[in-house]
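Predicted model, so just to flag it, every value in this text is computed and none were measured.
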Amino acid sequence: MQDEYRTVAGAGVHETEVNRSRFLCALAPAATEREAQDFIAVVRKEHADANHNCWAYVIGADASVQKASDDGEPGGTAGVPMLQMLLRRDMRYVVAVVTRYFGGVKLGAGGLIRAYGGAVGEALDTLGTRTRRRFRLATVTVDHQRAGKLENDLRTTGREVRDVRYGEAVTLEIALPDTDVPAFRTWLADATAGTAAFEPGGETYGDA
């Protein structure tokens with residue numbers, strides 16, 4: 001798994017103009033290929049009167065799924081430069097749709113490549129991105145007497161507490177970077193006088 005990746009902060013639209021042609025770049029996070037395709041369908045419906053609705057998406061922290069479409073523009077002048085811009089910016093789990101309203105001036109192949117790639121780049125700059133980092137999920141089990149202070153200490157030291165369950169003992173679900181696990185074990189033993197149990201689990205991604 002990748003240690004980290006970048007994605008868009010949220011869905012949004014940014015418009016640019018090149019030689020009287022309007023380029024509207026719609027960006028959105030997409031957890032799956034289906035989500036990406038659904039977003040493309042929504043934009044295409046919204047701009048059914050546009051000359052072109054070109055798109056590209058990258059799914060997977062390792063960019064395992066990469067697809068693009070020129071939607072009627074000359075081959076390789078729209079979808080591919082859009083996809084290349086997403087990859088150049090290390091973007092993952094993201095879909096981009098660039099809608100073009102033709103302004104009457106032909107841009108040529110080079111002009112189209114710059115316009116479509118540039119529309120995506122400007123949209124990323126304007127709408128913002130965020131970094132997602134790989135975390136190790138883990139379970140900490142501790143007695144009720146120490147649980148409250150431990151939970152507070154975890155939060156004040158910036159560690160992510162995802163869930164707290166109360167039973168015969170208190171179970172805290174946490175997430176921390178893999179590289180922090182050895183140091184965390186030592187910290188936990190000191191904080192609880194060696195009474196807490198630590199059980200590592202699977203992996204997930206969270207905001208860095």
Side-chain (Arg136) to main-chain (Gly201) donor-acceptor, under 3.5 angstrom: yes
Working for side chain to side chain contact (heavy atoms under 4.5 Å, CB included), residues Val8 and Leu124: CA-CA 7 Å; Val8 287; Leu124 290 171; 3.8 Å; yes
Audit row: Lys67, Trp55, side chain to side chain contact (heavy atoms under 4.5 Å, CB included) steps and yes/no: CA-CA 8 Å; Lys67 292 190 178 175; Trp55 53 264; 3.9 Å; yes
Arg133 CZ to Thr204 OG1 distance, which is reported to the nearest 0.5 Å: 14.0 Å
Trp187 reachable from Val142 in the ILVMFWY side-chain graph, under 4.5 Å edges: yes
Minimal non-hydrogen separation, Met91 against Val94, with atom names: CB-CG1, 3.8 Å
Arg44 with Asp71: basic N within carboxylate O range, under 4.0 Å: yes
Side chain Asn53, main chain His47, donor-acceptor under 3.5 Å: yes
Heavy-atom closest pair, residues Cys25 and Ala119: CB-O, 3.7 Å
Minimum-distance pair of heavy atoms, taken over all atoms of Gly60 and Arg92: O-CD, 3.2 Å
Gap separating the OG1 atom of Thr99 from the CD atom of Glu15, nearest 0.5 angstrom: 10.0 Å
Contact check, side chains of Leu112 and Arg100, non-hydrogen atoms, under 4.5 Å: yes
Minimum heavy-atom distance between Phe198 and Leu188, given as atom pair plus value: CB-CD2, 3.9 Å
Atom CD of Gln145: over 12 foreign heavy atoms under 6.0 Å: no
Side-chain H-bond candidate by donor/acceptor type, Thr192 with Arg146, under 3.5 Å: no
Check: Tyr93 main-chain N/O paired with Thr7 side-chain donor or acceptor under 3.5 Å: yes
Short side-chain to backbone donor-acceptor contact, Asp70 and Gly76, under 3.5 Å: yes
Lys NZ or Arg CZ of Arg22 over Tyr101 ring: under 6.0 Å, within 45°: yes
From Asp180 atom CG to Arg185 atom CZ, the distance as rounded to the nearest 0.5 Å: 13.0 Å
Check against side chain to side chain donor-acceptor pair (under 3.5 Å), Thr157 and Arg159: CA-CA 6 Å; Thr157 54; Arg159 296 183 169 95; 3.0 Å; yes
ILVMFWY network linking Met82 to Leu86, side-chain heavy atoms under 4.5 angstrom: yes
Leu127-Leu24 co-clustered via ILVMFWY side chain contacts under 4.5 Å: no
Side-chain heavy atoms of Val65 within contact of Tyr57, under 4.5 Å: yes
Which atom of Ala30 lies closest to which atom of Ala36, heavy atoms considered: CB-N, 3.8 Å
Minimum heavy-atom distance between Phe23 and Ala115, given as atom pair plus value: CZ-CB, 3.7 Å
Side-chain ion pair, Asp125 and Arg89, N-O less than 4.0 Å: yes
Side chain to side chain contact (heavy atoms under 4.5 Å, CB included) assessment of Glu46 paired with Val13: CA-CA 13 Å; Glu46 182 182 349; Val13 180; over 6 Å; no
Any donor-acceptor N/O pair, Asn19 side chain to Val105 backbone, under 3.5 Å: no
Full working for side chain to side chain contact (heavy atoms under 4.5 Å, CB included) between Thr32 and Glu35: CA-CA 5 Å; Thr32 64; Glu35 281 188 23; 3.5 Å; yes
Linked, directly or transitively: Tyr116 and Leu107 (ILVMFWY side chains, under 4.5 Å): yes
Distance (rounded to the nearest 0.5 Å) between Lys149 NZ and Leu154 CG: 10.0 Å
Hydrophobic cluster membership, Val98 vs Met85, 4.5 Å side-chain cutoff: yes
Close side-chain approach of Val140 to Phe184, heavy-atom, < 4.5 Å: yes
CD-OG1 distance between Glu199 and Thr171, expressed to the nearest 0.5 angstrom: 11.0 Å
